[in-house]
Amino acid sequence: MSEDSEELFERIGGTLGLTNIVNSMYEKVLADPELAPIFEHANMDRIRKMQFEFLAGAFDGPLNYAGVELTAAHRNRGIRAHHFAQFCTHFAEAAREHGATDRDIDMALGRLATYKDKITGDSNVDG
């Protein structure tokens, strides 16, 4: 399969690659003084599992996400646009560290951006 036809999930390393990215990303997130408090009382094993499932589906991999709807899962957690942007920065750094190309990181970030309003509780209203 050529790089152009291979799914994003496979290009970033499939199950093992995405698992490594998620684990590295959460090391960065939990070391970030702005983001760590959001996860203070969270079961991080469960969070990592749910994040893997969500990202795998978002990146054309297996669709096994069985978590709560994104808006409900993130409601009342104080997550704002700048938190989302910082989280995405940590994702990009982790993906780069695990060999993802700039093109694939940009594609992944574009897909993640489509979920920003659900995660932050913002509404995207034109005009």
Side-chain angles (χ1 to χ4, degrees):
M1 194 176 275
S2 76
E3 185 177 307
D4 289 338
S5 63
E6 192 175 25
E7 301 295 352
L8 178 59
F9 177 76
E10 293 303 324
R11 291 196 312 267
I12 63 171
T15 298
L16 182 58
L18 185 56
T19 297
N20 290 336
I21 291 168
V22 167
N23 287 336
S24 294
M25 176 187 67
Y26 276 110
E27 287 176 16
K28 295 173 186 317
V29 165
L30 294 175
D32 185 319
E34 268 202 79
L35 298 181
I38 295 169
F39 297 93
E40 189 172 26
H41 300 291
N43 176 334
M44 291 310 298
D45 289 335
R46 182 174 181 272
I47 295 287
R48 283 182 180 92
K49 178 184 181 297
M50 300 300 279
Q51 187 69 253
F52 171 87
E53 291 173 357
F54 171 75
L55 292 174
F59 299 161
D60 305 319
L63 297 173
N64 296 322
Y65 181 72
V68 176
E69 193 277 325
L70 290 178
T71 302
H74 295 91
R75 184 176 292 127
N76 298 323
R77 298 200 186 273
I79 301 170
R80 300 291 173 247
H82 71 278
H83 296 116
F84 182 82
Q86 190 65 17
F87 185 89
C88 288
T89 296
H90 293 312
F91 168 84
E93 290 170 353
R96 190 168 288 108
E97 289 170 4
H98 289 281
T101 66
D102 288 342
R103 175 181 167 243
D104 288 338
I105 292 169
D106 287 346
M107 182 178 286
L109 291 173
R111 292 186 188 187
L112 292 177
T114 66
Y115 298 99
K116 177 189 153 293
D117 290 346
K118 288 181 175 279
I119 292 168
T120 63
D122 294 339
S123 52
N124 186 1
V125 179
D126 289 331

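A quick note: this is a predicted structure, and the numbers were derived from the prediction, not measured. Below, each value reflects all heavy atoms present in this structure, side chains not excepted, and no hydrogens, waters or symmetry copies.
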Atom pairs and distances, side-chain donor-acceptor, residues 81-88, under 3.5 Å, sequence neighbours left out:
{"residue": "His82", "atom": "NE2", "partner": "Glu34", "partner atom": "OE1", "Å": "3.0"}
{"residue": "His83", "atom": "ND1", "partner": "Gly78", "partner atom": "O", "Å": "3.4"}
{"residue": "His83", "atom": "ND1", "partner": "Arg80", "partner atom": "N", "Å": "2.9"}
{"residue": "Gln86", "atom": "NE2", "partner": "Asp32", "partner atom": "OD2", "Å": "3.1"}
{"residue": "Gln86", "atom": "NE2", "partner": "His90", "partner atom": "NE2", "Å": "3.4"}

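- Annotation: Lys49, atom NZ; neighbour count of heavy atoms from other residues, nucleotides and ligands within 6.0 Å does not exceed 12.
- The closest donor-acceptor contact from the side chain of Glu7 to the backbone of Glu10 lies at 3.5 Å or more, if one exists at all.
- Residue Asp117 holds its CG atom at 11.5 Å from CG of Leu70, rounded to the nearest 0.5 Å.
- Taking OG1 of Thr114 as the start and CG of Leu109 as the end, the distance is 11.5 Å to the nearest 0.5 Å.
- By the ring-ring contact (aromatic ring centres under 6.0 Å, His included) test, Phe52 is found to be paired with no residue, residues two or more places apart in sequence or in another chain being considered.
- Sorted by first and then second residue, the salt bridge (charged side-chain N to carboxylate O under 4.0 Å, His left out) pairs with a member in residues 88-97 read Lys28-Glu97, Arg96-Asp102; sequence neighbours excluded.
- Note: Tyr26 OH to Leu35 CG = 10.0 Å, rounded to the nearest 0.5 Å.
- Residue Arg75 holds its CZ atom at 10.5 Å from NZ of Lys118, rounded to the nearest 0.5 Å.
- For the side chain to side chain contact (heavy atoms under 4.5 Å, CB included) test, no residue two or more places apart in sequence or in another chain qualifies with Asn76.
- At a threshold of 4.0 Å, the pair Arg11-Asp60 does not count as salt-bridged, since none of the basic side-chain nitrogens sits closer than that to a carboxylate oxygen.
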Identify all side-chain donor-acceptor contacts of residues 12-22 below 3.5 Å with residues at least two apart in sequence or on another chain.
{"residue": "Thr19", "atom": "OG1", "partner": "Thr15", "partner atom": "O", "Å": "2.7"}
{"residue": "Asn20", "atom": "ND2", "partner": "Leu16", "partner atom": "O", "Å": "3.3"}

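- Here Pro62 pairs with Phe9, Ala56, Asn64 under the side chain to side chain contact (heavy atoms under 4.5 Å, CB included) rule; sequence neighbours left out.
- Minimum heavy-atom separation, Gly57 to Leu63: CA-CD2, 3.3 Å.
- Without hydrogens or angle criteria, Arg77 side chain to Ala73 main chain gives a donor-acceptor distance under 3.5 Å.
- Here CE of Met44 is found 9.5 Å from CG of Asn23. Values are rounded to the nearest 0.5 Å.
- Taken from CD in Glu53 to CE in Met50, the straight-line distance is 6.0 Å, to the nearest 0.5 Å.
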